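Presented below is the structure to which this report refers.
First the proteins, then the strands, lettered A, B, ... as listed; each starts at 1. Remember, it's a predicted structure, so these values are computed and weren't measured experimentally.
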Protein chains: 2
Amino acid sequence: MDEIDRQIVMCLGDDARRSLADIGGEVGLSTSAVNERIRRLTASGVIRRFTVDADAEALGLGIAAFVFVGLAADADEAAFRAVAADHPAIVECQHVTGGWNYLIKIRVGSLAGIEAFLDDFKRRRLIARSETMIALSTVVEPPFRPRRERS
Amino acid sequence: MDEIDRQIVMCLGDDARRSLADIGGEVGLSTSAVNERIRRLTASGVIRRFTVDADAEALGLGIAAFVFVGLAADADEAAFRAVAADHPAIVECQHVTGGWNYLIKIRVGSLAGIEAFLDDFKRRRLIARSETMIALSTVVEPPFRPRRERS
DNA sequence: GCTGAAAGAGGTGATAG
DNA sequence: CTATCACCTCTTTCAGC
């Protein structure tokens, strides 16, 4: 992981389809050297995957919301994590410091989708309380990678 | 945007390096047809970019934090947005409903980086108050795309 | 809008330096 | 690491349905 590796990762982040020769020209290496570095970066997990950044709205998931979750004192936290990990609406789920236990970001097609999401988790007794903030507009957003079996 | 387009976007989300023939086999189309659809999806913006999901920790940005921001009553919101849009530490910045104005997710290399981030914005009078939650562990996280000129 | 074939570009893996 | 080569898979294009 030297400076050139970092440059290569940024190049691919901008456009993962650039040719090895093109990247090599930018970072000052031959195509063989760039090829070998990308192979190493991928094998070592610095590059997790090649993917696409999709337009969530075009895929019918135009509404983003942040849900703060409080678990019950006797909650089955492992169960909560397992359900969250596979839930199609969840874009992000982090265990966080502060008064809430988890911060979840979801993407849904309508406001009704937010209610359905909350109902789902509450009915399964996975969360005790929650607070929701709806995203009104975006200044910066990470890539959106659609996941299978999205409701 | 039919069901096949959606399948193609998901295939590419899983692995953007899969060959057209391979994807075609999965969705039931020829390579030419898949190629044409990807071209249209990219041209129309459904696919924003081909990118990589990187390991933030390997890039020295192992700490994630969420910062809730309140602007001053007389704040220059356009200036805040402009600075946020180009700030290297900011991974996400959304205007949200509720008692706070913006929800920001940052990635930094150390806890000192969080303090530096807050100091930067407060010294420039871009934010009036804030509250920070540090991510302790991750259940689900969107792709991380490193941006240039990261401090 | 799709298929199938043909042409071309580019990734891959070897070599020697 | 560079430079070059041969190989070969994959992309791209185009005629035809």
> Between which nucleotides of DNA chain D, 5' to 3', does chain B make heavy-atom contacts below 4.0 Å?
Replying inline: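 In short, chain B contacts DNA chain D from D/dC10 to D/dT13.
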> Do other residues, nucleotides or ligands put more than 12 heavy atoms under 6.0 Å from the CD atom of B/Glu115?
Replying inline: no
> Would you find more than 12 non-hydrogen atoms of other residues, nucleotides or ligands less than 6.0 Å from B/Glu36 atom CD?
Replying inline: yes
> Is a side-chain donor-acceptor pair under 3.5 Å present for B/Glu141 with A/Gln94?
Replying inline: yes
>> Using every non-hydrogen atom in the two residues, find where B/Ala21 and B/Thr31 come nearest and quote the distance to one decimal.
In response: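 Minimum heavy-atom contact is CA-CG2, 3.3 Å.
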> A/Ala65 and A/Ile114: which non-hydrogen atoms are nearest, and at how many Å?
Replying inline: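 It is CB-CD1, 3.8 Å.
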> Base, sugar-phosphate, or nothing: which does B/Gly24 touch, judged by heavy atoms less than 4.0 Å apart?
Replying inline: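 The residue B/Gly24 makes no contact with any strand.
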>> Can a donor-acceptor pair be found, under 3.5 Å and without considering hydrogens, that links the side chain of B/Arg147 to the backbone of B/Ile90?
In response: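 Confirmed, B/Arg147 side chain pairs with B/Ile90 backbone.
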> Mind checking whether A/Phe121 and A/His87 have parallel, tilted or perpendicular rings, split at 30° and 60°?
Replying inline: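 Judged by the thresholds at 30° and 60°, the geometry between A/Phe121 and A/His87 is tilted.
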> Tell me, for nucleotides 6-17 of chain C in 5' to 3' order, what letter each nucleotide earns: B for a base near a protein heavy atom under 4.0 Å, S for only sugar-phosphate near one, - for neither?
Replying inline: -----SS-----
Can you give the donor-acceptor pairs under 3.5 Å from side chains of residues 66-85 of chain B to other protein atoms, not counting sequence neighbours?
from	atom 1	to	atom 2	distance (Å)
B/Asp76	OD1	B/Ala78	N	3.3
B/Asp76	OD1	B/Ala79	N	3.1
B/Glu77	OE2	B/Tyr102	OH	2.5
B/Arg81	NE	B/Tyr102	OH	2.9
B/Arg81	NH2	A/Ser137	OG	2.6
B/Arg81	NH2	B/Tyr102	OH	3.4

